[in-house]
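Data block below; observations after.
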Amino acid sequence: MKHMFDCARIEKDEETYKASKMQRIFSLGFLLLILFIAGAFLFFSKTGKGAGRIIITLDGEVYETLSLDEGAAITVEDGKGGFNVIRVDDGAVSVSEANCSNQTCVHTGSVSRPGEVIACLPHKLIISIESRDGEVDALAY
């Protein structure tokens, strides 16, 4: 009798082991899928860097267009004593210095993806990034 119960217990252990093994395989596959999706998102969100152009608008009119690929530093004056120093480095643009009262444009930091904007409302300055080919970037929405 003891031998018969041992066989039943062994068969039950084998079934439990098979179910446990399938759960581990499924969990591992699910984890790999999540990692793949996260990696693809990070890869495609980084490819927008350096792939656009900078549109500088002053008082509603295009002041200058620059490339994110080339480093530059320009000073934009609004004609009323206001100025902003714009720097392009490493595929990103920022306002490094301004004489506006709130300094929001300076504190915005660097932007690098199409659809991102830096604004200096006291000087009526808008710095926006657009893709080179004019396509709408899905991340902008």
Side-chain angles (χ1 to χ4, degrees), residues 2-141:
K2 184 178 178 187
H3 181 66
M4 188 158 95
F5 289 120
D6 285 341
C7 289
R9 196 182 93 221
I10 290 172
E11 287 177 9
K12 186 175 181 181
D13 287 344
E14 286 178 4
E15 288 175 17
T16 303
Y17 175 74
K18 286 179 184 177
S20 175
K21 186 177 179 181
M22 289 301 289
Q23 287 174 341
R24 281 187 258 152
I25 290 172
F26 177 76
S27 296
L28 180 63
F30 186 73
L31 180 64
L32 289 174
L33 178 66
I34 295 296
L35 288 174
F36 175 77
I37 291 171
F41 177 78
L42 289 175
F43 174 76
F44 287 115
S45 68
K46 297 292 182 190
T47 55
K49 204 169 195 180
R53 61 183 176 181
I54 304 161
I55 310 295
I56 301 171
T57 307
L58 182 63
D59 201 14
E61 296 185 21
V62 175
Y63 180 85
E64 192 163 345
T65 302
L66 302 170
S67 173
L68 272 174
D69 297 332
E70 300 171 9
I74 64 167
T75 301
V76 177
E77 297 180 5
D78 69 355
K80 299 173 189 166
F83 72 90
N84 298 76
V85 178
I86 300 169
R87 296 198 185 280
V88 182
D89 291 314
D90 299 325
V93 62
S94 64
V95 175
S96 61
E97 186 180 346
N99 66 347
C100 57
S101 58
N102 59 14
Q103 297 286 297
T104 302
C105 53
V106 176
H107 297 301
T108 299
S110 297
V111 295
S112 60
R113 295 186 196 145
E116 292 183 319
V117 174
I118 298 174
C120 182
L121 297 181
H123 296 160
K124 299 180 182 177
L125 177 77
I126 304 291
I127 303 166
S128 61
I129 299 180
E130 296 180 355
S131 61
R132 286 196 194 283
D133 53 10
E135 274 188 32
V136 175
D137 183 20
L139 295 176
Y141 290 99

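Quick caveat: nothing in here was measured; it's all calculated off a predicted structure. Hydrogens, waters and symmetry mates are skipped; everything else that's a heavy atom, side chains included, is used.
- Contact annotation: the side chain of Val62 never approaches that of Ile56 to less than 4.5 Å [non-hydrogen atoms, C-beta and beyond].
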Chi angles and distances behind the side chain to side chain contact (heavy atoms under 4.5 Å, CB included) call for Val76, Phe83: CA-CA 5 Å; Val76 177; Phe83 72 90; over 6 Å; no

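- The side-chain heavy atoms of Val95 and Thr108, taken from C-beta on, include no pair separated by under 4.5 Å.
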Step-by-step side chain to side chain contact (heavy atoms under 4.5 Å, CB included) determination, Leu125 to Cys105: CA-CA 9 Å; Leu125 177 77; Cys105 53; over 6 Å; no

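- Residue Gln103 comes nearest to His107 through the heavy atom pair O-CD2, 2.8 Å, listed as atom of the first residue, atom of the second, then distance.
- In terms of the side-chain hydrogen bond (donor to acceptor under 3.5 Å, both in side chains) criterion, Thr65 has no residue partners (sequence neighbours excluded).
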Please set out all donor-acceptor pairs under 3.5 angstrom arising from side-chain atoms of residues 114-122, sequence neighbours excluded.
| residue | atom | partner | partner atom | Å |
| --- | --- | --- | --- | --- |
| Glu116 | OE1 | Ser112 | N | 2.8 |
| Glu116 | OE1 | Arg113 | N | 2.9 |

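- With a 4.5 Å cut-off on side-chain heavy atoms, Asp69 and Val88 do not count as touching.
- By the side-chain hydrogen bond (donor to acceptor under 3.5 Å, both in side chains) test, Asn99 pairs with His123, sequence neighbours left out.
- A donor-acceptor contact shorter than 3.5 Å is absent between the side chain of Ser94 and the backbone of Ser96.
- Distance check, rounded to the nearest 0.5 Å: OG of Ser110 to CG of Asp90 gives 9.0 Å.
- In this structure the side chain of Val93 reaches within 4.5 angstrom of the side chain of Ile86, judged on heavy atoms.
- Looking at Leu35 and Leu33, their side chains never come closer than 4.5 Å, going by heavy atoms from C-beta outward.
- Looking at Glu64, its side chain never comes within 3.5 Å of a backbone N or O of Ile55 through a donor-acceptor pair.
- Atom OH in Tyr63 sits 15.5 Å away from atom CD1 in Ile126 (nearest 0.5 Å).
- Considering Asp89, Val111, Ile54 as possible partners of Leu68, the one that fulfils the side chain to side chain contact (heavy atoms under 4.5 Å, CB included) test is Ile54.
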